[in-house]
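Atoms within a ligand are numbered from 1 in the order they appear, just like the ligands themselves. Since this is a predicted model, take the numbers as computed values, not measurements. Note: hydrogens, waters and symmetry copies are ignored here, and every other heavy atom, side chains too, is used.
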Amino acid sequence: MRHGDADLPTLVVLISGNGSNLQAIIDAIAHGSLAARIAAVISNEPDAGGLERARRAGIPTRVVCHRDHAGRSEFDRALAVEIEGFAPDLLVLAGFMRILGADFVRRYPGRILNIHPALLPRFRGTDTHRRALEAGVAEHGASVHVVTEELDAGPVIRQARVPVLPDDDPDTLAARVLAEEHRLYPAAIAEYLSRLSVAPTASQQD
Ligand code: GAR
């Protein structure tokens, strides 16, 4: 017997931009390689391209614009109010470019994942591809990690590696990493959900 979507672990995906990682998650769910349901996509940017991707997939969208709030804690609180309405099992940051404060992170202990475009612990923060090239590394990549109060410092779940080629500039390197992110993130989410024990059991999937 196949149970309805109500049995699936629920995700809320936070984005700021194009949402190609969101699309990879939507596609993995559609193809059956990720047993989850996206309850909502929330963007801090009203014009984020990923909002249209969500709408096309029939996923509810919300905008919580950081510019409408006096400071980070006000923004974080408004974001949490929107999220609570969807009661997610897991929050998935997919190109979400705001730093979440400690109070926010403590609301969801062990229940926020982020994808970072570097092989953590190297190159935390922004501008990772340019910094990797400047450092002369032979290998670069992306990491999926649990979000903790310290930026880009939580436990790494999975990484994907790419070679750095002699002619690379930050854009060519970013494109090679991003293609790997699209494979990495859905697989890491599936693995983490099974660890959280909110993934459906085999008997529920039949
Ligand atoms: C991705 O490369 C992601 O790793 C990065 O932003 C890009 C978003 O692309 N995230 C961060 O830098 C987080 N600090 P997308 O909107 O097409 O998924």
Note: [X]-[Y] ion pair, threshold 4.0 Å (strictly below):
X	Y	result
R131	E134	no
R107	E84	no
D168	R176	yes

Next on the checklist: Whether the side chain of E181 engages the backbone of P117 through a donor-acceptor N/O pair (distance < 3.5 Å, no angle test) should be reported.
Outcome noted: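 Looks like no, no N/O pair under 3.5 Å.
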Checklist entry - Do any N or O atoms from the side chain of S143 and from the backbone of H145 form a donor-acceptor pair under 3.5 angstrom? => result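 No.
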At less than 3.5 Å, what protein N or O atoms come close to the N or O atoms of ligand 1? Include the distances to 0.1 Å.
| residue | atom | partner | partner atom | Å |
| --- | --- | --- | --- | --- |
| ligand 1 | 2 (O) | E181 | OE1 | 3.2 |
| ligand 1 | 2 (O) | E181 | OE2 | 2.8 |
| ligand 1 | 4 (O) | E181 | OE1 | 2.7 |
| ligand 1 | 4 (O) | E181 | OE2 | 3.3 |
| ligand 1 | 16 (O) | G19 | N | 2.8 |
| ligand 1 | 17 (O) | S20 | N | 2.8 |
| ligand 1 | 17 (O) | S20 | OG | 2.5 |
| ligand 1 | 18 (O) | S20 | N | 3.3 |
| ligand 1 | 18 (O) | N21 | N | 2.9 |
| ligand 1 | 18 (O) | N21 | ND2 | 3.0 |

Item to check | CA sep, side-chain torsions, deciding dist, call: V13, I42, side chain to side chain contact (heavy atoms under 4.5 Å, CB included) | outcome: CA-CA 6 Å; V13 182; I42 304 178; over 6 Å; no
